[in-house]
Amino acid sequence: MAAVRVGVVQETALGERRVALTPDSVSRLQGADFEVLVASGAGARAWFPDEDYAEAGAAVVDTDTLFARADIVLCVNPPPPQHLRSGQAVVGLLQPLLNPRVMADLAERGVTAISLDGLPRTLSRAQSMDALSSQANIAGYKAAVVAANAFERFFPLLITAAGTSKPAAVLVLGAGVAGLQAIGTARRLGAVVRAYDVRPAARDEVKSLGAQFVELKSVEGAAGEGGYARALTAEEQAAQQAELAEHIAKHDVVITTAQVPGRRPPLMVTADTVKSMHAGSVIVDMAASDLGGNVEISQPGETIVTNNGVTVIGAGNLPAQMPTSASTAYARNISALLQHLLSEGQLAIDLDDEIQRGVVITYDGSVVQEATAKLLEATS
Ligand code: NAD
């Protein structure tokens, strides 16, 4: 039986430096089941040269050849739909809930769209495929490093002949995957770290990293479905903002990572709260996006210095700033998903499988993933 031909695209999104497969992952996939094509230059910005892919057994081809010959196109960000053809599959972080129309277009073209961000994250057998977590982990690390870089004092306690420098006080809001990695990284840099999350289960995880958990009186635990937080009511959110403001004013660095899936990020740090912070403080808003962020005045991909001297960094694409580690983790996730999608050496779509029900967005000319189909219905 012929091997399935997978093709690794050259990413074209602005600032994107990740690549869907690394040479290492090519040598693991290449073989009986898979034949790998790689667009020339696809890994260059993550420091994986064409020669390494060729040595690992991939055929390095130009982009037109790649789209023409691949059975399954592998990407990080969605490629232009017009490059894909009927009978082809595309696997990546397609963000179907942000791009429902693109998904409808792919369905019409007869393309099978498979998106890693639809993975049911609480299933333990899906963990090896969890690209949202692998990338959030990298982003959390980088957020702490970016914060330390922008903070113009030491993070650790330093006792030297020239005097003593007290450790930076860091507050992390939201202790999910990114938040926990930001906590660990800030601790490793020597800061005193406190963290807050609405899910009561986060308390022990925060403490296990050697950080203090901030308890708020205003909001009862807000655990939602599938291990995620629920969205707060407007009253709860206002009370949370007011109580958090007192804590934020006492910290040098604030890293925000709060999100509820499918909702706009909760607003936790108001413009007034930023005004109450001391000059030289730093905020990194990991949730900053075109839909808004956790910080009222943050702008995605931009750094603002306020009149009272607070540096507010709206995180852009942080994993793309660590493209070697991010691509290595992503390649493992996408390879694990590919193996899962294969049966007897062929791509076998089975919507009765819980993992596939989450990740398969379009199949056989229709949008089949429930959340995306519902969104399209609501907006048509
Ligand atoms: P996650 O779901 O694992 O964690 C989010 C946490 O926020 C959860 O623990 C949740 O309980 C908490 N939360 C939700 N509402 C809250 C509230 N009102 N108050 C306090 N805590 C609340 O998500 P993640 O994968 O860690 O991602 C975190 C954020 O970082 C998201 O906004 C995500 O989009 C963003 N992110 C950004 C980048 C980047 O490069 N900029 C990369 C990865 C993730």
Side-chain angles (χ1 to χ4, degrees), residues 13 15-18 76-77 93 95 97-98 116-117 119 121-122 130-147 171-184 195-206 213-216 218-241 243-244 247-248 254-269 284-295 298-302 313-323 325-326 329-330:
E16 185 56 79
R17 292 176 56 200
R18 290 172 289 177
V76 180
N77 304 288
L93 282 170
Q95 299 194 301
L97 298 178
L98 289 181
L116 284 147
D117 45 12
L119 199 78
R121 288 172 89 185
T122 45
D130 187 351
L132 280 186
S133 290
S134 76
Q135 303 304 293
N137 187 40
I138 286 164
Y141 167 86
K142 189 71 178 175
V145 171
V146 164
L171 177 64
V172 177
L173 302 178
V177 179
L180 290 172
Q181 187 55 259
I183 292 168
Y196 165 71
D197 195 295
V198 272
R199 283 179 304 111
R203 184 182 294 115
D204 288 344
E205 289 171 327
V206 165
F213 190 78
V214 173
E215 306 276 355
L216 294 194
S218 53
V219 191
E220 292 289 317
E225 278 172 30
Y228 287 109
R230 66 166 171 80
L232 300 183
T233 63
E235 293 75 37
E236 283 174 324
Q237 195 173 53
Q240 186 189 61
Q241 286 165 0
E243 204 177 351
L244 274 178
H247 291 277
I248 290 167
V254 177
I255 300 172
T256 68
T257 78
Q259 74 163 355
V260 176
R263 312 293 286 254
R264 75 176 287 291
L267 178 57
M268 305 177 81
V269 184
V284 176
D285 183 0
M286 282 197 58
S289 73
D290 294 332
L291 301 174
N294 296 144
V295 181
S298 67
Q299 295 294 331
E302 283 184 31
I313 301 170
N317 183 349
L318 292 174
Q321 294 174 36
M322 293 194 39
S325 296
Y330 186 77

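Indexing begins at 1, ligand by ligand and atom by atom, following the structure's order.
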Would you say Pro265 contacts ligand 1, with heavy atoms under 4.0 Å as the rule?
-> no
Going by the order shown, which atoms of ligand 1 are within less than 4.0 Å of some heavy atom of Met286?
-> 30 (O), 35 (C), 36 (N), 37 (C), 38 (C), 41 (N)
Rounded to the nearest 0.5 Å, how far does CD1 of Ile183 lie from CD of Gln181?
-> 9.5 Å
The atoms of ligand 1 lying under 4.0 Å from a heavy atom of Ala287, numbered in the order shown, are 32 (O)
Mind checking whether Ala175 has a heavy atom under 4.0 Å from ligand 1?
-> yes
Between Ala139 and ligand 1, find which residue part has any heavy-atom pair under 4.0 Å and reply side chain, backbone, both or neither.
-> side chain
Expected output: side-chain Thr257 to main-chain Gly174 donor-acceptor under 3.5 Å | yes
With a 4.0 Å heavy-atom cut-off (strictly under), which part of Gln237 contacts ligand 1: side chain, backbone, both or neither?
-> neither
Is there a donor-acceptor contact under 3.5 Å linking the side chains of Tyr196 and Glu243?
-> no
Should the proximity of Leu173 to ligand 1, defined as any heavy atom under 4.0 Å, be assigned to the side chain, the backbone, both, or neither?
-> neither
Of all the heavy atoms in Arg121, does at least one lie under 4.0 Å from an atom in ligand 1?
-> yes
What is the minimum heavy-atom distance between Arg17 and Pro323, and which atoms define it?
-> O-CB, 3.5 Å
Heteroatom distance test (Gln135, ligand 1): nitrogen or oxygen, under 3.5 angstrom = no
Atom CG of Leu171 and atom CD1 of Ile248: how far apart are they, to the nearest 0.5 Å?
-> 6.0 Å
Main-chain N/O of Leu93 paired to Asp117 side chain as donor or acceptor, under 3.5 Å = no
Could you tell me whether Ala178 and ligand 1 have an N or O pair separated by under 3.5 Å?
-> yes
Is ligand 1 under 4.0 Å from a heavy atom in the side chain of Ala136, in the backbone, in both, or in neither?
-> both
Number the atoms of ligand 1 from 1 as they appear, then name those within less than 4.0 Å of a heavy atom of Gly316, with their elements.
-> 39 (C), 40 (O), 41 (N)
Can you find a pair of side-chain heavy atoms, one from Leu173 and one from Asn294, that are under 4.5 Å apart?
-> no
Relative to the heavy atoms of Ala229, which atoms of ligand 1 are at a distance of less than 4.0 Å?
-> 10 (C), 11 (O), 14 (C)
Backbone or side chain, does any N or O of Met268 fall under 3.5 Å from an N or O of ligand 1?
-> no
Among Asp130, Val260, Thr256, Val172, whose heavy atom sits nearest atom 15 (N) of ligand 1?
-> Val260
Honestly, for Gln240 the part within reach of ligand 1 (heavy atoms, under 4.0 Å) is side chain
Contacting atoms of ligand 1, where contact means under 4.0 angstrom from a heavy atom of Gly176 | 3 (O), 4 (O), 6 (C), 9 (O), 26 (O)
Minimum-distance pair of heavy atoms, taken over all atoms of Ala195 and Val206 = CB-CG1, 3.8 Å
Residue from Lys142, Gln135, Glu16 passing side-chain hydrogen bond (donor to acceptor under 3.5 Å, both in side chains) with Asn317 | Glu16
Atoms of ligand 1 less than 4.0 Å from Ala315 heavy atoms?
-> 41 (N)
Judged by atom type as modelled, is there a donor-acceptor pair below 3.5 Å linking the side chain of Ser133 to the main-chain atoms of Asp130?
-> no
Contact check: Gln259 vs ligand 1, nitrogen or oxygen atoms, below 3.5 angstrom = yes
Report the part of Glu236 (side chain from C-beta onward, or backbone N, CA, C, O) that has a heavy atom under 4.0 Å from ligand 1; answer both or neither where that applies.
-> neither
Give a yes or no answer on whether the side chain of Gln241 reaches the backbone of Leu267 with a donor-acceptor pair at less than 3.5 Å.
-> yes
Atom CZ of Arg264: over 12 foreign heavy atoms under 6.0 Å = yes
Leu98 side chain near Leu291 side chain, heavy-atom distance below 4.5 Å = yes
With heavy atoms of Leu318 as the reference, note each atom of ligand 1 found under 4.0 Å away.
-> 39 (C), 40 (O)
For Asn317, the ligand 1 atoms whose distance to one of its heavy atoms is below 4.0 Å = 40 (O)
